[in-house]
Each structure stands twice: as structure tokens, then as C-alpha cells.
Amino acid sequence: MPEHEKVVQDIENKMGFAPNILHTLKEIDPNFVNKYRRCHDKLLSDGAIPAKYKIMMALAVVASKQCEACTVSQMKSALKSGATSDEIMETMEVISITSGAPAVAACREALKLLQE
């Protein structure tokens, strides 16, 4: 299997899905997808900080950037990695305090995943 396919498959296995951008990039420039190996190795894997906490940090960052699609992806990943509703809602409090109402609003669709 080509390396770029392996990267997408590894990320999909960890997150439970592969973000659409990876499929688009895979078609346009397979070599660019290889750069996402770092995501798999550093963000989606346990290290000194467990992966679920790193993913919740990523949720806070993308919320602060007000990227709604990104918050949905990070929420799916957080839930797949075992984050609890209480942990996620505490992360939402941090988002609110550090980035304000627009960042919380960017999580509107992502929060619906907690109701499923």
C-alpha cells in the first residue's frame, strides 16, 4: 500500500473517520498527505499527554479559529478517543473563557454529537 494511503487509513482507524480534506489532498497531491503522518504520530497517539487530552486541546484551538468543520472533526475524534461529556463540557468552559462566545458558537454542530 502506498504511504499516503497508509497515512489516511491510520488516521481513519484512530479517529473513526478520515477528514474529507485528506481524501481531496490524496487526489491532488499524494505526497502532501504524507505530512499528516505527524498528526497521527503526535496528536492521535499517547505520549506524555494522553491522546484524548491532546485532541481536546486541538478542539479548543480550532474553536478559537472559529472553524466549524474543524470542531466537528475534533469532537468526533475526542469522542472516539474516549473523552467523556464532562471532559468535553469542561473544555467548552475553557474555550468560552479564553476565546469567547464566537468560539463557542463555532462548536454548535460539534456539540450536537454529544446528544447522539
Side-chain angles (χ1 to χ4, degrees):
M1 171 184 302
E3 183 61 21
H4 66 278
E5 292 283 350
K6 186 170 179 359
V7 168
V8 173
Q9 183 178 29
D10 287 347
I11 289 173
E12 186 168 4
N13 290 341
K14 290 268 177 126
M15 293 179 71
F17 69 100
N20 289 335
I21 189 64
L22 288 180
H23 295 293
T24 302
L25 288 170
K26 185 172 69 171
E27 293 174 18
I28 295 169
D29 184 358
N31 289 323
F32 189 84
V33 174
N34 294 336
K35 295 175 185 177
Y36 277 81
R37 168 65 59 201
R38 187 165 187 238
C39 173
H40 175 268
D41 293 345
K42 296 297 179 185
L43 179 63
L44 299 175
S45 298
D46 291 335
I49 300 171
K52 79 172 180 177
Y53 298 121
K54 292 188 277 187
I55 294 164
M56 287 188 293
M57 284 184 225
L59 173 62
V61 170
V62 298
S64 74
K65 300 291 186 181
Q66 299 175 29
C67 177
E68 291 184 39
C70 301
T71 64
V72 170
S73 290
Q74 292 301 333
M75 183 69 78
K76 287 178 182 177
S77 185
L79 292 169
K80 171 83 168 140
S81 71
T84 67
S85 292
D86 288 342
E87 290 170 328
I88 290 169
M89 291 313 299
E90 198 162 323
T91 300
M92 294 304 301
E93 289 178 23
V94 171
I95 292 167
S96 177
I97 292 166
T98 60
S99 300
V104 173
C107 297
R108 179 179 24 252
E109 293 301 315
L111 287 168
K112 291 178 182 177
L113 296 171
L114 293 177
Q115 297 174 319
E116 295 178 357

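Residues take their numbers from the sequence shown, with the count starting at 1.
Counting only distance, with no hydrogens or angles, the side chain of S96 and the backbone of E93 share no donor-acceptor pair below 3.5 Å. No donor-acceptor pair closer than 3.5 Å links the side chain of S77 to the backbone N or O of S73.
Separating the CE atom in M75 from the NZ atom in K112 is a distance of 12.5 Å, to the nearest 0.5 Å. Considering CD of E116 and NZ of K76, their distance stands at 8.5 Å, rounded to 0.5 Å. Between the CD atom in E90 and the OG atom in S85 there is a gap of 12.5 Å [rounded to 0.5 Å]. For the atom pair I28 CD1 and I21 CD1, the distance stands at 7.0 Å (nearest 0.5 Å). Atom NZ of K54 sits about 15.5 Å away from atom CG of L59, to the nearest 0.5 Å. The CD atom of E5 sits 11.0 Å away from atom CG of L22, with the distance rounded to the nearest 0.5 Å.
The closest side-chain heavy-atom distance from C39 to L44 is below 4.5 Å. Contact of the L25 side chain with the Y36 side chain is registered, since non-hydrogen atoms from C-beta on lie closer than 4.5 Å. Looking at D10 and R37, their side chains come closer than 4.5 Å, going by heavy atoms from C-beta outward. Between M57 and I49, some side-chain heavy-atom pair lies under the 4.5 Å cut-off. With contacts defined as side-chain heavy-atom distances shorter than 4.5 Å, the pair C107/M92 qualifies. Side-chain contact between E87 and Y53 is present, with at least one heavy-atom pair separated by less than 4.5 Å.
The hydrophobic clustering, which links ILVMFWY residues whose side-chain heavy atoms are closer than 4.5 Å, places L113 and I55 apart. Note: the hydrophobic cluster containing I95 also contains L111 (ILVMFWY, side chain heavy atoms under 4.5 Å, direct or indirect links). Note: the hydrophobic cluster containing V33 also contains I11 (ILVMFWY, side chain heavy atoms under 4.5 Å, direct or indirect links). When the side chains of ILVMFWY residues are joined at heavy-atom separations under 4.5 Å, either directly or via intervening members, F17 and L114 end up in two distinct hydrophobic clusters.
For the residue pair K14 / S45, a side-chain donor-acceptor distance below 3.5 Å is found, with atom types taken as modelled.
Contact between I88 and L79 at its shortest, heavy atoms only, is CD1-CD2, 3.5 Å. Contact record, K52 with G82: NZ-O, 3.6 Å, taken as the closest heavy-atom pair. Here the closest heavy-atom approach between residue H23 and residue V8 is recorded as CE1-CG1, 4.1 Å. Summarising the geometry of A83 relative to M56, their closest heavy-atom pair is CB-SD, 3.9 Å, with the distance given to 0.1 Å. The shortest non-hydrogen separation linking N13 to K80 is O-CE, 3.7 Å. Of all heavy-atom pairs spanning A106 and T71, the tightest one is O-OG1, 2.9 Å.
Annotation for E3: atom CD counts as buried by contact number, over 12 foreign heavy atoms lying within 6.0 Å.
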